[in-house]
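For reference, the structure discussed in these notes is given below.
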Amino acid sequence: MLVTKSKVDSFLKKNEMSASGIDADAMLDDFCSEMRGGLAGNDSSLAMIASYVSADSSVPANKPVIVLDAGGTNLRVCTASFDEHGRVDIEHFKKYQMPGIAHELSREEFYTTLCDYLEPVINKSDSIGFCFSYPTEISPEKDGKLLCWTKEVKVPEVVGEYIGEGLLEALAERGHKGKKLVLLNDTVAALLAGKAVGEQRKCDGYIGFILGTGTNTAYVESNRNIDKIEAVDGAQVINVESGNFNKCPQGIIDKQFDASTANPGAYIFEKMISGRYLGEVALEVIKQATRDGLFSESAAAEITALNCLETADLSLFLENPFNVVAPFCSKTILEEDRETLYYLVLDLIDRSAKLTAVNIAAAVVKGDAGRSPLYPVCINVDGSTYHKLYGLRAKCEAYLSSLLNSRGYYFKTIEVENAPVIGSAIAGLVG
């Protein structure tokens, strides 16, 4: 066993893919530097998008708000309200297909479909919170100009338009005038949802973090530190767009994999840690290990023939290396091959956890909250990769403790069910 572990360690270090090869402190400094650059409007891999949403406003009790959550293949519509204790009541919940997924739509068809979805609840409130998880440039009016579509949505005519403005105009044409809309990113919504829970714990600051198919971060920044917008008092939530961080320590196989993607050089950090890519990176690592002779001949033939490896498959294998529904369950893979696979995959998850911890720690340090253990920073983490990938959460929080406690910061991680809905409801009510 020790010989196998030693060979795996040597292989990962040679290819610059090991968790131990990451200098977390140096990377944390680089992350904070990129954040400062983005806030100043300088050349930076981090967009640091102003949301114009405050995390300090009190949420009015027993006031309904309409919520739209457009996050991927589905669009959710509901109403929500909060009681005097901050507990949320979600009603009239409906799930629809995201317009433009099935086939290309015109501008008119897109807004008509949204209005149709809203029709059953449109008279429940004059306030709308719209969680819109596509690249947008947020305006001081809390609307968002669509920069491009992702996730296979096809409505080209609305690219470059303010989505909220277009929707309100379409609603007004149907006679629904006087509506107020706040458009926000899903990570900003995660932060606001965390605040709804964190206030009961008397937390000092709030962070929203997503690690699922993709990854992103939101935190609260003092307006005086945002040089690229007109200085005003107070603070607001910043959408970091952290998946695009490009100062991360890429390994040799990371670079080869990035070059094979549809957008080389973009979202480098996301390609190293997120659920969309981690299984593919692991497959490239395993195939390189095969070429380097770490597996038996019979296993090498099996691995070489593999065309796909999902991130969920990594968890299945680590939970039970003999699991018949997991990859690599063939009898041609010997026990020592499984052991090699186990160490390779486990270290990749350890590396992902370390990188994730640096990302979150940078938001804590830059926001400079949570200086007392009595009043920690509340980090609301959303996403199946973080919560379901074998060992990742525990490893990440161990790295976080090491990075933050030594710097005098304290944190509490939580998971809020229906975070996009709750956060969007808060934004719609206080925006």
Side-chain angles (χ1 to χ4, degrees), residues 9 12-13 16-39 44-46 48 55 187 190-191 194-195 197-198 201-211 215-222 225 235 238 240 242-243 245-251 269 272-273 346-381 383 385-387 389 391-415:
D9 289 345
L12 291 170
K13 287 177 182 177
E16 301 171 3
M17 298 292 294
S18 69
S20 62
I22 297 170
D23 185 336
D25 293 303
M27 183 179 162
L28 178 56
D29 290 342
D30 288 340
F31 216 111
C32 290
S33 177
E34 287 290 286
M35 293 173 80
R36 288 190 293 270
L39 290 172
S44 171
S45 61
L46 298 178
M48 305 299 286
T187 321
L191 183 149
K195 182 177 184 291
V197 174
R201 171 62 175 80
K202 298 186 182 299
C203 291
D204 180 42
Y206 303 94
I207 289 171
F209 177 71
I210 295 175
L211 182 58
T215 189
N216 196 10
T217 316
Y219 77 108
V220 179
E221 180 62 80
S222 171
N225 294 329
I238 296 293
V240 177
S242 55
F245 178 62
N246 67 6
K247 299 296 188 292
C248 39
Q250 279 183 292
F269 188 62
M272 295 172 70
I273 70 170
L346 192 66
D347 197 279
L348 285 175
I349 292 176
D350 190 18
R351 188 184 77 141
S352 181
K354 195 172 189 178
L355 294 169
T356 298
V358 172
N359 179 359
I360 297 172
V364 174
V365 171
K366 188 68 186 68
D368 197 30
R371 287 293 194 171
S372 166
L374 302 181
Y375 305 97
V377 174
C378 177
I379 305 167
N380 180 27
V381 184
T385 301
Y386 185 88
H387 292 289
L389 184 57
L392 189 141
R393 178 175 180 172
K395 290 174 181 291
C396 178
E397 294 191 9
Y399 282 125
L400 260 180
S401 295
S402 175
L403 284 165
L404 292 177
N405 294 166
S406 63
R407 289 170 168 80
Y409 293 99
Y410 299 88
F411 69 94
K412 174 181 178 60
T413 59
I414 62 170
E415 180 183 12

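Index from 1, following the sequence. Note: hydrogens, waters and symmetry copies are ignored here, and every other heavy atom, side chains too, is used.
- Residue pairs meeting the salt bridge (Lys or Arg N to Asp or Glu O under 4.0 Å) criterion with at least one member in residues 16-28, sequence neighbours excluded: D25-R407.
- By the side-chain hydrogen bond (donor to acceptor under 3.5 Å, both in side chains) test, K195 is found to be paired with E199, residues two or more places apart in sequence or in another chain being considered.
- By the side-chain contact (heavy atoms from CB on, under 4.5 Å) test, S33 pairs with R36, sequence neighbours left out.
- In terms of modelled atom types and a separation under 3.5 Å, the side chain of S45 and the main chain of N246 share a donor-acceptor contact.
- Nearest heavy atom pair, residue A24 against residue L403, reads CB-CD2, 3.9 Å.
- At distances below 3.5 Å, at least one donor-acceptor pair connects side-chain atoms of T215 with backbone N or O atoms of I210.
- For the pair V240/M48, a side-chain contact is recorded, criterion being any heavy-atom separation below 4.5 Å from C-beta on.
- Nearest heavy atoms, C248 versus M27: CB-CE, 4.2 Å.
- Residues satisfying the salt bridge (charged side-chain N to carboxylate O under 4.0 Å, His left out) test with K247, not counting sequence neighbours, are E34.
- Neither side chain, Y219 nor D368, offers a donor N or O lying under 3.5 Å from an acceptor on the other.
- With values rounded to the nearest 0.5 angstrom, N380 atom CG is found 8.0 Å from E415 atom CD.
- Between A369 and G205, the closest heavy-atom pair is CB-CA, 3.9 Å.
- Of the inter-residue distances, the one linking L374 atom CG with D204 atom CG reads 11.0 Å to the nearest 0.5 angstrom.
- Contacts of Y410 classified as side-chain hydrogen bond (donor to acceptor under 3.5 Å, both in side chains), with partners at least two apart in sequence or in another chain: none.
- Every side-chain hydrogen bond (donor to acceptor under 3.5 Å, both in side chains) that N225 has, sequence neighbours left out, goes to E221.
- Scored by the side-chain contact (heavy atoms from CB on, under 4.5 Å) test, A218 finds T187, V188, L191, V237 as partners (sequence neighbours excluded).
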Atom pairs and distances, side-chain donor-acceptor, residues 351-364, under 3.5 Å, sequence neighbours left out:
{"unit_1": "R351", "atom_1": "NH1", "unit_2": "D254", "atom_2": "OD2", "d": "2.6"}
{"unit_1": "R351", "atom_1": "NH2", "unit_2": "D254", "atom_2": "OD1", "d": "3.0"}
{"unit_1": "R351", "atom_1": "NH2", "unit_2": "D254", "atom_2": "OD2", "d": "3.4"}
{"unit_1": "K354", "atom_1": "NZ", "unit_2": "A19", "atom_2": "O", "d": "3.0"}
{"unit_1": "K354", "atom_1": "NZ", "unit_2": "I22", "atom_2": "O", "d": "2.9"}
{"unit_1": "T356", "atom_1": "OG1", "unit_2": "S352", "atom_2": "O", "d": "2.8"}
{"unit_1": "N359", "atom_1": "OD1", "unit_2": "T217", "atom_2": "OG1", "d": "3.0"}
{"unit_1": "N359", "atom_1": "ND2", "unit_2": "T217", "atom_2": "OG1", "d": "3.3"}
{"unit_1": "N359", "atom_1": "ND2", "unit_2": "S242", "atom_2": "OG", "d": "3.4"}

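- For the atom pair CG (L389) and CG (L211), the distance works out to 8.0 Å, reported to the nearest 0.5 Å.
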Inset, instruction - Kindly determine whether S18 and D347 satisfy side-chain contact (heavy atoms from CB on, under 4.5 Å), including the steps that lead there. - result: CA-CA 7 Å; S18 69; D347 197 279; 4.1 Å; yes

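- Not counting sequence neighbours, the partners of C203 by the side-chain contact (heavy atoms from CB on, under 4.5 Å) test are R201, Y206, P376, C378.
- In this structure S401 satisfies the side-chain contact (heavy atoms from CB on, under 4.5 Å) test together with N405, F411, sequence neighbours excluded.
- A235 and V220 make their closest contact through CB-CG1, 3.8 Å (heavy atoms, listed as atom of the first residue, atom of the second, distance).
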Inset, instruction - Report the C-alpha distance between F245 and D30 in whole Å, list the side-chain angles of each, state the deciding distance to 0.1 Å, and finish with yes or no for side-chain contact (heavy atoms from CB on, under 4.5 Å). - result: CA-CA 10 Å; F245 178 62; D30 288 340; 4.2 Å; yes

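- For E397, the side-chain hydrogen bond (donor to acceptor under 3.5 Å, both in side chains) criterion is met by Y386, R393, T413, not counting sequence neighbours.
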Legend entry - Trace of the side-chain contact (heavy atoms from CB on, under 4.5 Å) decision for K366 with L39: CA-CA 11 Å; K366 188 68 186 68; L39 290 172; 3.8 Å; yes

Inset, instruction - Would you please test V377 and L404 for side-chain contact (heavy atoms from CB on, under 4.5 Å) and show each step? - result: CA-CA 11 Å; V377 174; L404 292 177; over 6 Å; no

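- Residues forming a salt bridge (charged side-chain N to carboxylate O under 4.0 Å, His left out) with D29 (at least two apart in sequence, or on another chain): none.
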